2 protein chains.
Amino acid sequence: MDNYIKHNKQYVAVDCVIFSYEDQELKLLLYPRGFEPSIGSWSLMGGFVKEDESLENAAQQVLFNTTGLKNIYLEQIGGFSNPDRDPGGRVISIGFYALMPIEDQNKELVRNSGAHWWPIQKLPHLIFDHKEIIDAALIKLQQKSSISLIGKELLPEAFTLTQLHNLYNAIFQKKFDAGNFRKKILSLNVLKKLPKKDTSGSKRGAFYYTFIDNIEHNNLDRIIKF
Amino acid sequence: MDNYIKHNKQYVAVDCVIFSYEDQELKLLLYPRGFEPSIGSWSLMGGFVKEDESLENAAQQVLFNTTGLKNIYLEQIGGFSNPDRDPGGRVISIGFYALMPIEDQNKELVRNSGAHWWPIQKLPHLIFDHKEIIDAALIKLQQKSSISLIGKELLPEAFTLTQLHNLYNAIFQKKFDAGNFRKKILSLNVLKKLPKKDTSGSKRGAFYYTFIDNIEHNNLDRIIKF
DNA sequence: GCAAAAGTGTTTACATTACACCCATGG
DNA sequence: CCATGGGTGTAATGTAAACACTTTTGC
């Protein structure tokens with residue numbers, strides 16, 4: 001069974017672009033790299049892939065180690081494989097992006113790793129090709145958000161339409177018309193109005209909404225076009 | 001610089017889903033596997049990734065070896081990494097799909113490798129998870145064709161609107177309204193009518209069209225919505 | 001002349017856009 | 001009382017879908 005033995009093996013890693021949303025901004029969780037090369041520079045969370053796990057499992061493991069969360073929403077971005085991308089050696093990296101509500105994370109764990117949430121508009125300099133991976137991740141996230149109503153993955157359980165509106169503004173880096181946006185969203189019939197109001201954002205207060213029961217990612221796919 | 005050394009290396013391969021179009025059908029180039037395990041079974045074209053090449057280069061090399069063509073249109077599908085996907089050992093495969101006009105291939109080279117073009121509706125049984133890779137490829141191709149006018153990559157230099165219409169029917173596996181389709185396409189202003197007619201498809205004959213000069217893949221992105 | 005592909009025109013329904021305007025309330 | 005975010009209504013425009021209809025020509 002060893003016809004493969006004459007071929008080279010490679011280091012394979014996963015790198016995770018972890019998106020969250022706070023203060024009307026998309027944010028990314030970055031951390032200072034703990035080993036050479038480029039020790040101390042800002043970097044995506046990553047890890048090597050073990051022989052007995054899939055890429056997705058490896059990515060979930062990275063997310064668990066850094067945020068304490070399991071079963072996070074995850075999408076594959078693609079492979080990054082320039083032979084010189086990592087000066088430490090030949091490493092093929094598969095990029096993933098993850099979405100999580102920022103308050104779900106284990107804050108202590110994140111703090112202990114030295115990680116920090118960076119607004120996507122003000123990222124620090126990143127090692128290797130990590131900026132490229134982030135750019136690809138944002139494009140994928142935009143593609144996803146344009147055919148699927150995201151929000152469940154990034155917002156708290158209950159949220160206002162203004163929050164959702166601002167989230168979409170942040171993702172697409174443009175301003176959607178507020179009135180048209182809310183009409184479009186409500187016409188989808190996937191949100192239900194809660195009796196409570198949020199008064200933090202305005203004097204009048206805005207009603208909270210939540211996704212109707214028994215709705216999954218799959219049900220939200222291809223229900224919308226932006 | 002050897003902080004990586006404690007980690008496992010893996011075999012990394014690329015597998016290519018090669019699309020072409022003939023007789024109003026999408027076709028895939030498959031070949032009988034030349035070594036164990038599963039020798040003789042139908043398989044995608046693939047190859048191991050070398051230490052000094054990117055995944056894209058590895059895929060282009062596979063395509064060159066099997067069809068004699070260079071710089072083929074290529075898109076990454078994603079990583080396939082179930083630890084048990086290949087009974088011969090742990091191999092992480094990155095899928096790519098390629099588009100090529102069927103007449104461009106080096107026929108002799110293809111014949112010598114034992115390869116065969118299969119209509120996508122009548123595929124033979126395939127090894128490992130190759131059917132899964134093909135399914136993912138078709139979805140990616142549909143996504144691509146729904147925002148970009150493909151045709152340049154799959155059709156001959158000059159083609160009729162009916163050919164393009166049939167190509168889209170084949171990709172989406174549905175019938176677009178012929179009148180609406182041609183109006184939509186022509187309104188994009190990326191095709192020019194040639195003085196010649198194709199008389200093979202009908203008695204009246206249909207005008208050939210070709211893409212206007214200096215148009216690249218990039219210019220065709222996001223110009224359409226299907 | 002007729003079948004069949006090529007090509008055009010029209011009607012209807014629906015979605016998107018821009019924007020005007022009212023509401024509620026804390027300071 | 002007014003600035004501000006919350007929320008509704010509407011008219012104009014654009015796009016998509018359905019389908020009837022005309023043209024051309026080999027058999």
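First the proteins, then the strands, lettered A, B, ... as listed; each starts at 1. Since the structure is predicted, the reported quantities are computational estimates derived from the model, not experimental observations.
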Rounding to an integer number of Å, can you tell me how far B/Leu188 CG sits from D/dT15 P? 11 Å
B/Gln105 and B/Trp117: side chain donor to acceptor below 3.5 Å: yes
Rounded interatomic separation in angstrom, taking NZ from A/Lys225 and C1' from C/dA15: 8 Å
D/dA16 base / B/Asp177 side chain donor-acceptor hit below 3.5 Å: no
When we call it a touch if two heavy atoms are under 4.0 Å apart, what does A/Thr162 touch: a base, just sugar-phosphate, or nothing? sugar-phosphate
A/Phe176 CZ to C/dA18 C1': how many Å, rounded? 15 Å
No-H, no-angle donor-acceptor pair, A/Lys183 side chain to D/dG9 base, under 3.5 Å: yes
If only side-chain N and O atoms count, and only distance matters, is there a donor-acceptor pair under 3.5 Å linking B/Gln61 with B/Asn57? no
Does OP1 or OP2 of D/dT23 have a side-chain N or O of B/Arg204 closer than 4.0 Å? no
Consider the side chain of B/Phe207, meaning its heavy atoms from C-beta on, and name the nucleotide among D/dA3, C/dG7, D/dG7 that approaches it most closely. C/dG7
Which label fits A/Phe172 and A/Tyr168: parallel for a plane angle under 30°, tilted from 30 to 60°, or perpendicular past 60°? parallel
First encountered from the 5' end of DNA chain D, between A/Lys203 and A/Thr160: A/Lys203
Between B/Lys174 and B/Phe176, is NZ or CZ placed under 6.0 angstrom from the six-membered ring centre and within 45° of the ring axis? yes
Does the cation-pi check pass for A/Lys152 over A/Phe159, that is, NZ or CZ under 6.0 Å from the six-membered ring centre and within 45° of its axis? no
Between C/dT16 (C1') and A/Arg182 (CZ): distance, integer Å: 18 Å
Calculate the interatomic distance between A/Ile223 atom CD1 and C/dA15 atom P; express it in whole Å. 14 Å
With nearest nucleotide decided by heavy atoms, which residue, B/Gly201 or B/Gly179, maps closer to the 5′ end of DNA chain C? B/Gly201
Nearest-Å distance, CD1 (A/Ile224) to P (C/dT16)? 9 Å
Protein-nucleotide distance (A/Lys184, atom NZ; C/dT17, atom P), rounded to Å: 6 Å
Side chain of A/Ala206 (C-beta onward), nearest among C/dA6, D/dG6, D/dA17: D/dG6
Between C/dG26 atom C1' and A/Lys197 atom NZ, what is the distance in whole Å? 13 Å
